[in-house]
Amino acid sequence: MSIDLVRLAKAADYAARRHVNQRRKGEAAEPYVNHLTEVALLLAEATDGEDPVLVMGGLLHDTIEDTGTTFADLRERFGTEVAELVVEVSDDKGLPKQERKRLQVETTVHKSRRAKLLKIADKTSNLRGLVLSPPAGWTKQRLADYVEWAGAVVRSCRGLNVALEAEFDHAHAEAKARFGA
Ligand code: ZN
């Protein structure tokens with residue numbers, strides 16, 4: 001029995017349950033879990049399936065921020081490495097939104113390799129989402145600002161994985177062409 005495969009399936013199941021009532025921001029309002037599986041797939045492919053902790057982190061990366069899951073919950077179910085990774089990529093929700101965004105640009109450079117890869121995959125999925133289905137009510141300026149900001153965060157974590165960065169660059173170029181950032 002592959003313990004990693006069982007843990008991975010558990011992470012997917014747990015993420016789907018925790019985010020069950022959440023939808024993506026885009027007009028198509030896809031189930032939020034589609035974002036999580038997309039991030040996990042990007043990470044699995046970019047690392048040739050060799051880093052189950054990272055892929056589990058991808059599935060669970062928004063559980064603390066969006067679903068009230070705690071570090072202790074994650075540690076108990078998925079172990080310390082996964083729980084610490086999720087904490088590392090979670091914003092402090094006690095801070096104002098602009099401050100959180102500024103901190104991502106400034107602090108990601110100091111984070112672990114896994115956290116940086118997760119950030120790149122997360123921004124790739126978000127930019128693809130914006131292009132496929134922009135959120136209703138977002139002005140062109142807001143869309144352009146998001147594209148610009150995602151680029152700034154990813155600039156601070158480059159140089160670790162060529163394949164993943166290529167996926168990001170592709171999504172970023174498409175979003176830029178579309179929204180004129
Ligand atoms: Zn995310």
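Quantities reported herein were computed from a predicted structural model and do not represent experimental measurements. Read the numbers this way: they start at 1 and go in the same order the structure lists the ligands and their atoms.
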Residue K140 excluded, over 12 heavy atoms near NZ under 6.0 Å |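 Counting neighbours around NZ of K140, 12 or fewer heavy atoms of other residues, nucleotides or ligands fall under 6.0 Å, so no.
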
Between F78 and Y14, is the gap from one ring center to the other below 6.0 Å?
->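 Under 6.0 Å, so yes.
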
Answer yes if the side chains of N34 and E38 hold a donor-acceptor pair under 3.5 Å, and no otherwise.
->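 Their side chains do not contain a donor-acceptor pair, so the 3.5 Å distance test is not met.
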
Are E88 and S112 linked by a side-chain donor-acceptor pair shorter than 3.5 Å?
->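 Distance-only check passes for E88 and S112.
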
N, O or S atoms of the protein lying under 2.8 Å from the Zn ion (ligand 1) |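 You should have found H35 NE2, H61 NE2, D62 OD2, D122 OD1.
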
Which residue, H172, E167, E174, forms the side-chain hydrogen bond (donor to acceptor under 3.5 Å, both in side chains) with R128?
->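 It is E167; the other options fail the test.
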
So among H61, H19, Q22, R18, which one has a side-chain hydrogen bond (donor to acceptor under 3.5 Å, both in side chains) with D66?
->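 So, applying the side-chain hydrogen bond (donor to acceptor under 3.5 Å, both in side chains) to D66 and each of H61, H19, Q22, R18, only Q22 qualifies.
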
